[in-house]
Amino acid sequence: MRILFTGGSGKAGRHVIPYLMDQGHQVLNVDQQPLDHPGVDNRIADITDAGQMHDVMHSLMNLGELDEGTGVQGFDAIVHFAAVPRILITSDTEVFRVNTLGTYHVIDAAVKAGVPKIIFASSETTYGICFAQGERKPDYIPVDEDHPTVPEDSYAMSKVCNEATARSFQARTGADIYGLRINNVIEPHEYASLFPRFIHDPDQRRRNIFAYIDARDLGQMVQRCLDVDGLGYQVFNVANADTSVAAQTSDLIDRYYKDVRQTRDMDQFKTFYSIEKARDLLGFAPQHSWRESRDLLEK
Ligand SMILES: NC(=O)c1ccc[n+]([C@@H]2O[C@H](COP(=O)([O-])OP(=O)(O)OC[C@H]3O[C@@H](n4cnc5c(N)ncnc54)[C@H](O)[C@@H]3O)[C@@H](O)[C@H]2O)c1
Ligand SMILES: O=C(O)[C@H]1O[C@@H](O)[C@H](O)[C@@H](O)[C@@H]1O
């Protein structure tokens, strides 16, 4: 497929783009800085500028396409990851402006260019827990896509707003638009640097509902979304199948979620961040876990 990927130079994109290219896709990365990866095409553009987003949707991927002389071929799918990825990087108002306006322009330009599949990065913060003041618990566990999304912070508000924007564009156009409520992204090298602290101190993972997503498994999730057509507007939780801490799930419930309603039985290390919808509708099956690392297990 010909894929236009926004924000591909960032933490998640620099793993997802190589994953997609390994599956045989051609990728144009639209970002404010280029991704240095063999074979990827880059375009410097700002998602908050409508003109630039309409331009890139009708653009060649690279100079080589001039020689082919076939003109603009368009895109089969958009993967939209560009964003300010949390609060406290810039002002709250800027986080909200960039993320909401940028997402409007990307989806508006994509549907007007007739792109049939749009996948966009939402976030686990939509459930309100991640950047809440003090401690906030889920209404029930495991947290699935039916859980209320009532966040307190501008980043999560921007993601909830983007989901409304995406749903409206889907209703108007019939394109397939899938939102990924991505949990905390972990790059492969971060198992060694972060997990020695995480696994024995569950307090550090409370705000992420104790979950995580391996950047390579996020690549698989995007591929599954590209594979499955016809679902209209959907949101999917995206996480690994286990928790990011050493304690058993039952111990975590005793310590953190004693007063929280439990809707299903949960086995030994099962995540509180339900990925059953992605498994059932898309066949998502995460391949990686920090538990594969013998060094970490022995610590
Ligand atoms: N990292 C996580 O744990 C996590 C978790 C859930 C959701 N997400 C979401 O996934 C996506 C990717 O996150 P990330 O961690 O890779 O973030 P990142 O900040 O590492 O990457 C974002 C990329 O977007 C680009 N960008 C920012 N503003 C732009 C603009 N105006 N125009 C064009 N490009 C712009 C940046 O240059 C950067 O390369 C984001 O939408 C983020 O909200 C991330
Ligand atoms: O920086 C972080 O940890 C957070 O980044 C945000 O982008 C994600 O939405 C959230 O899941 C992460 O935990």
Side-chain angles (χ1 to χ4, degrees), residues 4-19 28-37 40 42-53 55-56 78-90 94-107 109 118-132 143 149 151 153-163 165-166 179-187 190 194 197-198 204-219 221-222 235-240 244 271 273:
L4 187 154
F5 196 119
T6 76
S9 308
K11 178 176 187 175
R14 61 179 172 252
H15 296 277
V16 175
I17 287 181
Y19 185 99
L28 173 63
N29 175 38
V30 174
D31 199 302
Q32 287 178 318
Q33 51 202 32
L35 174 65
D36 184 13
H37 180 76
V40 72
N42 284 289
R43 194 69 34 83
I44 303 304
D46 182 349
I47 59 166
T48 67
D49 183 305
Q52 292 184 43
M53 288 307 101
D55 177 86
V56 293
I78 307 299
V79 183
H80 169 47
F81 272 29
V84 181
R86 61 172 170 82
I87 52 168
L88 305 180
I89 294 175
T90 175
E94 189 64 0
V95 173
F96 192 79
R97 184 188 75 84
V98 171
N99 293 356
T100 56
L101 201 59
T103 297
Y104 181 91
H105 291 327
V106 169
I107 301 180
I118 299 162
I119 299 156
F120 69 100
S122 185
S123 159
E124 117 257 29
T125 60
T126 51
Y127 296 113
I129 292 146
C130 191
F131 298 128
V143 173
T149 51
D153 65 283
S154 74
Y155 170 76
M157 279 184 228
S158 77
K159 294 295 189 180
V160 172
C161 184
N162 288 347
E163 290 183 359
T165 300
L180 308 185
R181 289 182 182 159
I182 301 166
N183 204 287
N184 185 215
V185 175
I186 302 294
E187 296 178 89
E190 290 183 318
L194 296 178
R197 278 188 293 119
F198 287 176
Q204 294 201 26
R205 305 301 297 162
R206 178 181 61 75
R207 287 180 179 275
N208 301 102
I209 319 178
F210 304 99
Y212 69 111
I213 176 69
D214 183 293
R216 296 162 293 185
D217 284 323
L218 180 55
M221 179 65 184
V222 173
V235 288
F236 295 101
N237 285 354
V238 188
N240 284 77
S244 56
T271 181
Y273 195 70

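First listed ligand is number 1; within each ligand, the first listed atom is number 1. Predicted model only: the values in this text are computed from it and were never measured.
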Numbered atoms of ligand 1 (with element) below 4.0 Å of A45, judged on heavy atoms: 32 (N), 33 (C)
Should the proximity of N183 to ligand 1, defined as any heavy atom under 4.0 Å, be assigned to the side chain, the backbone, both, or neither? backbone
Do ligand 1 and S123 have nitrogen or oxygen atoms that lie under 3.5 Å from each other? no
Of all the non-hydrogen atoms in the protein, which one sits nearest to atom 31 (N) of ligand 1, and at what distance? D46 OD1, 2.9 Å
Any atoms of ligand 1 less than 4.0 Å from a non-hydrogen atom of F81? List them with their elements. 11 (C), 12 (C), 40 (C), 41 (O)
Could you tell me the residue and atom name of the protein heavy atom closest to atom 2 (C) of ligand 1, and the distance to it rounded to 0.1 Å? V185 CG2, 3.5 Å
State whether the shortest distance between N or O atoms of K11 and N or O atoms of ligand 1 falls below 3.5 angstrom. yes
How far does OG1 of T125 sit from CD1 of I87, to the nearest 0.5 angstrom? 9.0 Å
CZ of R205 to CZ of R197, rounded to nearest 0.5 Å, is 9.5 Å
Is the cationic atom of R86 (NZ for Lys, CZ for Arg) positioned less than 6.0 Å from the six-membered ring centroid of Y155 and within 45 degrees of its normal? no
For the pair Q52 (side chain) and A45 (backbone), establish whether a donor and an acceptor sit closer than 3.5 Å, ignoring hydrogens and angles. no
Would you confirm whether D153, through its side chain, and A156, through its main-chain N or O, come within 3.5 Å as a donor-acceptor pair? yes
With sequence neighbours left out, write down each residue that passes ring-ring contact (aromatic ring centres under 6.0 Å, His included) with F210, or none if nothing qualifies. Y256, Y257, F272
Checking the N or O distance criterion of under 3.5 Å, is ligand 1 in contact with G10? yes
Trace of the side chain to side chain contact (heavy atoms under 4.5 Å, CB included) decision for N240 with T271: CA-CA 7 Å; N240 284 77; T271 181; over 6 Å; no
Have R181 and Y273 got a donor and an acceptor in their side chains that come within less than 3.5 Å? no
Per-atom contacts of ligand 1 with N184, taking only distances under 4.0 Å to non-hydrogen atoms: 3 (O)
For ligand 1, is there an atom lying under 4.0 Å from some heavy atom of L180? no
Closest to atom 17 (O) of ligand 1 among protein heavy atoms sits P85 CB, 3.5 Å
Shortest protein heavy-atom distance from atom 16 (O) of ligand 1, along with the residue and atom involved: A12 N, 2.8 Å
Residue pair E163 / S122, side-chain donor-acceptor N/O under 3.5 Å: yes
Do the side-chain N and O atoms of N99 and Y104 include a donor-acceptor pair separated by under 3.5 angstrom? no
Has ligand 1 got any nitrogen or oxygen that is less than 3.5 angstrom from a nitrogen or oxygen of D31? yes
Any nitrogen or oxygen of I47, main chain or side chain, under 3.5 Å from a nitrogen or oxygen of ligand 1? yes
Take I17 and N29 through the side chain to side chain contact (heavy atoms under 4.5 Å, CB included) test and state the conclusion after the steps. CA-CA 8 Å; I17 287 181; N29 175 38; 4.0 Å; yes
Closest non-hydrogen protein atom to atom 43 (O) of ligand 1, residue and atom name please, with distance? Y155 OH, 2.5 Å
Tabulated below should be the N or O atoms of ligand 2 paired with protein N or O atoms at under 3.5 Å; can you produce that?
{"from": "ligand 2", "atom 1": "3 (O)", "to": "N184", "atom 2": "ND2", "distance (Å)": "3.3"}
{"from": "ligand 2", "atom 1": "5 (O)", "to": "P85", "atom 2": "O", "distance (Å)": "3.4"}
{"from": "ligand 2", "atom 1": "7 (O)", "to": "P85", "atom 2": "O", "distance (Å)": "2.2"}
{"from": "ligand 2", "atom 1": "7 (O)", "to": "Y155", "atom 2": "OH", "distance (Å)": "3.0"}
{"from": "ligand 2", "atom 1": "9 (O)", "to": "S123", "atom 2": "OG", "distance (Å)": "2.7"}
{"from": "ligand 2", "atom 1": "9 (O)", "to": "Y155", "atom 2": "OH", "distance (Å)": "3.1"}
{"from": "ligand 2", "atom 1": "11 (O)", "to": "E124", "atom 2": "OE1", "distance (Å)": "2.0"}
{"from": "ligand 2", "atom 1": "11 (O)", "to": "E124", "atom 2": "OE2", "distance (Å)": "3.3"}
{"from": "ligand 2", "atom 1": "13 (O)", "to": "N184", "atom 2": "ND2", "distance (Å)": "3.2"}
{"from": "ligand 2", "atom 1": "13 (O)", "to": "N208", "atom 2": "ND2", "distance (Å)": "2.8"}

Nearest neighbour in protein (non-hydrogen) for atom 7 (C) of ligand 1: S122 O, 3.3 Å
What is the closest protein heavy atom to atom 27 (C) of ligand 1, and at what distance does it sit? A83 O, 3.5 Å
Quick check: does any side chain N or O of N208 sit under 3.5 Å from a backbone N or O of C130, one acting as donor and the other as acceptor? no
What residue and atom, counting heavy atoms only, is the protein's closest point to atom 10 (O) of ligand 1, and at what distance? A121 CB, 3.6 Å
In plain terms, say whether R216 and E187 are close enough for a salt bridge, that is, a side-chain N and a carboxylate O under 4.0 Å apart. no
Do T48 and H105 pair up side chain to side chain, a donor and an acceptor below 3.5 Å, judged on atom types alone? no
Side-chain contact, heavy-atom cut-off 4.5 Å: V84 with V98? yes
Does K159 reach ligand 1, in the sense of a heavy atom lying below 4.0 Å from it? yes
